[in-house]
There are 2 protein chains.
Amino acid sequence: MSKQKTVGLPVLEPDDAVVPCCPPLTAAELSAEDAERMAAMFKALSDPVRLRLFSKVASHPGGEACVCDIADVGVSQPTVSHHLKKLREAGLLTSERRGTWVYYAVAPSVVAAMSATLDLRTAT
Amino acid sequence: MSKQKTVGLPVLEPDDAVVPCCPPLTAAELSAEDAERMAAMFKALSDPVRLRLFSKVASHPGGEACVCDIADVGVSQPTVSHHLKKLREAGLLTSERRGTWVYYAVAPSVVAAMSATLDLRTAT
DNA sequence: TCACTGTTTCGACGTCTGTCGATGCCCGGA
DNA sequence: TCCGGGCATCGACAGACGTCGAAACAGTGA
């Protein structure tokens, strides 16, 4: 819980992350743990500012963008950084520092999992 | 802020509802208004209890269930009712009273729209 | 080395949200 | 008509969340 000040940016290891959690909601009742995990992902997108930030990253060529390119969403930069951190912690974005700038990119597998979870195709 | 219309709760007409809001997040930046609307839908699923309730309804045969069948999620009944109301207001569920019991059903179009919004297939 | 810029972290504040018990409304059965 | 059960609403409270300014950190260029 306490990432002190040792590393600049952990970037969230792919195998330690949030990935495998998403049976379709129609398949069976979610367990309490799965519900907790899924809710955290939806919560990450439950804020307009975060949604716009995510959209800006996702719609950028290559699915990645510099903070400086997306920071204009009507709130202060500390707030932007705060929201990007939330998206990172939810596993929806990854970050990478390249010289002066930090680039954020979508984590396709996690987003695809969310989409699949909402897939209602079950009975035909 | 901007919550003034309060939708009595009458089942939410299909054409007056929350439906058409969801371009894929990769297609273009969300406008502030669209972001607001989408965020509201994600927020409805951003709570573990709501997610379990929704899952219970969605996984029931026919995609509908009586409140009495799904109310066991570890919180009090007023709380269950409160969460179902939230899901209803977000357009994800519809409710219908049948005699003594109230049945909730998923609104497939709205859920499908959310799923489509998260679809990352775009650039290739 | 220093100065400058981009980004994150910190601390604080007001608001929103989930939760509960108590209460009220609606319906079916006696 | 009254009673009883299912569900919604009300009012209140603690905790979480979004927001900001100030400050710290990281890299570049001179």
Side-chain angles (χ1 to χ4, degrees), chain A residues 1-12 32 35-36 39-40 42-54 57 64-90 93-104, chain B residues 1-3 6-12 32 35-36 39-40 42-54 56-57 64-90 93-105:
Chain A
M1 303 76 244
S2 42
K3 213 51 116 143
Q4 288 284 76
K5 58 217 285 192
T6 43
V7 292
L9 270 187
V11 169
L12 188 10
E36 205 87 35
F42 282 115
K43 181 173 293 184
L45 292 181
S46 72
D47 182 275
V49 172
R50 282 199 291 272
L51 213 43
R52 291 185 70 192
L53 288 171
F54 184 84
V57 173
E64 87 168 12
C66 169
V67 174
C68 55
D69 287 330
I70 62 175
D72 181 25
V73 287
V75 295
S76 69
Q77 248 216 345
T79 303
V80 169
S81 188
H82 167 72
H83 285 306
L84 288 174
K85 182 181 182 182
K86 287 290 189 75
L87 288 167
R88 217 171 49 211
E89 288 173 347
L93 292 181
T94 60
S95 64
E96 179 189 357
R97 178 178 280 275
R98 262 179 240 158
T100 305
W101 293 281
V102 176
Y103 287 79
Y104 279 78
Chain B
M1 308 349 183
S2 48
K3 223 27 173 282
T6 31
V7 170
L9 74 73
V11 172
L12 194 353
E36 205 89 34
F42 283 115
K43 182 174 292 182
L45 292 180
S46 71
D47 181 276
V49 172
R50 282 199 291 271
L51 214 43
R52 292 184 70 191
L53 287 171
F54 184 85
K56 276 172 176 258
V57 173
E64 87 168 13
C66 170
V67 173
C68 55
D69 288 330
I70 62 176
D72 182 25
V73 286
V75 295
S76 70
Q77 265 203 353
T79 303
V80 169
S81 190
H82 167 72
H83 285 307
L84 288 174
K85 182 181 182 182
K86 287 291 189 77
L87 289 167
R88 217 170 47 212
E89 289 174 345
L93 292 181
T94 61
S95 65
E96 181 188 356
R97 165 159 239 135
R98 264 179 238 160
T100 305
W101 293 279
V102 176
Y103 288 78
Y104 278 78

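From a predicted model like this one, the values you see are computed outputs, not experimental measurements. Order of the sequence lines sets the chain letters (A, B, ...), proteins ahead of strands, with each chain counted from 1.
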Give the C-alpha distance, both sets of side-chain angles, the deciding distance and a yes or no for side-chain contact (heavy atoms from CB on, under 4.5 Å) between His83(B) and Val73(B).
-> CA-CA 11 Å; His83(B) 285 307; Val73(B) 286; over 6 Å; no

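Distances shown here put a side-chain N or O of Arg88(B) below 4.0 Å from the OP1 or OP2 atom of dA8(D). One finds a side-chain N or O of Ser81(A) lying less than 4.0 angstrom from the OP1 or OP2 phosphate oxygen of dT8(C).
Judged by distance alone, with hydrogens and angles left aside, the side-chain atoms of Arg50(B) form a donor-acceptor pair with the main-chain N or O of Lys43(B) at under 3.5 Å.
You'll find that the side chain of Lys43(A) is closest to dC17(D), out of dT8(C), dC17(D), dG21(D). The side chain of His83(A) sits closest to dG18(D) out of dC20(D), dG18(D), dG21(C). Considering only the side chain of Pro78(A), dG21(D) comes nearest among dG21(D), dG6(D), dC20(C). If you check dC7(D), dT7(C), dT19(D) against the side chain of Val102(B), the one that comes closest is dC7(D). Of the candidate nucleotides dC26(C), dT7(C), dC17(D), dC17(D) has the atom lying nearest to any side-chain atom of Lys86(A).
Within 6.0 Å of atom CG in Asp72(B), 12 or fewer heavy atoms from other residues, nucleotides or ligands are found, so the atom counts as exposed in its surroundings.
In this structure, Arg50(A) reaches the sugar-phosphate backbone alone: every heavy-atom distance under 4.0 Å involves primed, P, OP1 or OP2 atoms, never a base. Counting non-hydrogen atoms under 4.0 angstrom, His82(A) reaches a base of the nucleic acid. Contact annotation for Tyr104(B): backbone-only contact, meaning every heavy-atom pair under 4.0 Å involves sugar-phosphate atoms and none involves a base.
Between Ser76(A) and Val67(B), the residue anchored nearer the 5' end of DNA chain D, judged by the nucleotide with its closest heavy atom, is Val67(B). Residue order along DNA chain D, read from the 5' end via each residue's closest nucleotide, puts Val49(A) first among Val49(A) and Thr100(A).
Residues Ile70(A) and Ala65(A) come closest through the heavy atom pair CG2-CB, 3.8 Å.
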